[in-house]
Amino acid sequence: MSPDEPTTDRESPIGEPVVRGDPSFAGERAEEAVQFDPDDPESLATAAEVVEAFADDTVESADSVYMLRGAAACAALVRGEGSYKAAAARTGDAVTISFIRKWARVHDLPRSIRQYVAAGEIAPTAAKHIARVSDHARFQLAWAVLDSDLTVREVRAVASAINAGTSPAEALASHDVTLGELRLRLPVETYTELRRRAALRRVDPAEVVANALESPDDAAGERY
């Protein structure tokens with residue numbers, strides 16, 4: 001992986017409310033965002049309480065920002081206790097190892113994906129399945145959810161196929177999704193210039209766009 005490609009590794013401290021603390025995603029609730037510190041016993045105790053409540057309240061219709069808070073608490077608890085098993089043992093009987101693992105993985109998704117979860121454009125239940133795959137497949141599956149209106153059941157099926165060895169493109173194609181296909185609406189002047197450049201170069205407009213994105217920009221070193 002080149003240094004200019006996005007990474008799926010988190011760089012920010014576990015539990016830092018980067019997305020939950022951003023008013024553009026969380027609105028007025030951004031001021032209430034809590035950071036969980038796995039090295040602080042009191043913070044870890046709070047995380048355990050949050051995870052217990054989260055396990056009791058988790059439903060598909062639950063608030064997305066609330067669910068990201070629960071995911072952050074799960075991740076902090078795992079880091080603080082050292083394993084999924086120990087994290088589950090720190091909480092009530094209703095919290096399983098599987099529950100902790102699934103939601104901790106959601107917190108470990110790149111910021112560019114989690115912000116769509118916070119905004120409600122990617123369902124938290126779909127994010128759990130996106131988090132099951134690794135590397136760039138996470139980005140590819142997440143963007144397919146945004147561009148193709150995949151259901152949670154379809155996201156789960158695609159994630160399972162990818163983990164079984166099918167390429168993301170093939171797994172998505174089985175659900176009538178063409179990976180890399182995106183319909184854009186551009187300002188008229190931008191559209192005119194795009195078409196002009198493509199004509200002079202005798203290439204498809206998509207090639208002009210792709211070439212433009214090959215240059216490093218401020219988002220290349222995305223921090224999570």
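All heavy atoms count here, side chains included; hydrogens, waters and symmetry mates do not. Since the structure is predicted, the reported quantities are computational estimates derived from the model, not experimental observations.
When every heavy atom of His175 is checked against every heavy atom of Ala157, the shortest pair comes out as NE2-CB, 3.9 Å. Pairing each heavy atom of Val106 with each of Ala131, the nearest pair is N-CB, 3.9 Å. Here the closest non-hydrogen pair linking Thr166 and Ala171 is CG2-N, 3.6 Å. Taking every heavy atom of both residues into account, Ala137 and Ile162 meet most closely at CB-CG2, 4.2 Å. Counting all heavy atoms, side chain and backbone alike, Ala76 lies closest to Pro38 at O-CB, 3.4 Å. Here the closest heavy-atom approach between residue Leu172 and residue Gln140 is recorded as CD1-O, 4.3 Å.
Residue Val51 is tested with Val78, Val95, Thr46 for a side chain to side chain contact (heavy atoms under 4.5 Å, CB included); the sole match is Val95.
Under the side chain to side chain donor-acceptor pair (under 3.5 Å) criterion, Arg132 pairs with His129, Ser160, not counting sequence neighbours. With sequence neighbours excluded, no residue forms a salt bridge (Lys or Arg N to Asp or Glu O under 4.0 Å) with Glu52. Under the rule for a side chain to side chain donor-acceptor pair (under 3.5 Å), the partners of Thr151 that lie at least two apart in sequence or sit in another chain are Glu154.
Taking CG from Leu141 and NE2 from His136, the interatomic distance works out to 14.0 Å, rounded to the nearest 0.5 Å. Taking SG from Cys74 and CZ from Phe99, the interatomic distance works out to 5.0 Å, rounded to the nearest 0.5 Å. Rounded to the nearest 0.5 Å, atoms CD1 (Ile97) and OG (Ser83) are 7.5 Å apart. With values rounded to the nearest 0.5 angstrom, Leu68 atom CG is found 8.0 Å from Trp103 atom CH2. Expressed to the nearest 0.5 Å, how far CZ of Arg197 lies from CG of Asn211 amounts to 11.0 Å. Distance check, rounded to the nearest 0.5 Å: CG of Leu77 to CD of Glu49 gives 11.0 Å.
Proximity of Phe139 to Ser112: side-chain heavy atoms (C-beta onward) are separated by under 4.5 Å at one or more points. Put simply, the side chain of Glu181 does not reach to within 4.5 Å of the side chain of Asp147, judged on heavy atoms. Between Trp143 and Leu182 the shortest side-chain heavy-atom distance does not fall below 4.5 Å. Counting heavy atoms from C-beta on, the side chains of Val152 and Lys128 never come closer than 4.5 Å. Between Met67 and Phe54 there is a side-chain heavy-atom pair separated by less than 4.5 Å. Taking 4.5 Å as the limit, some side-chain heavy atom of Asn163 sits within range of a side-chain heavy atom of Val133.
Within 6.0 Å of CD in Glu193 there are more than 12 heavy atoms belonging to other residues, nucleotides or ligands.
Remark: Asp108 does not engage Arg138 in a salt bridge, criterion side-chain N to carboxylate O under 4.0 Å.
Panel note: side chain Asp37, backbone Asp39; a donor-acceptor pair is recorded below 3.5 Å.
Residues Leu194 and Leu200 are members of separate hydrophobic clusters, defined by side-chain heavy-atom contacts under 4.5 angstrom among Ile, Leu, Val, Met, Phe, Trp and Tyr.
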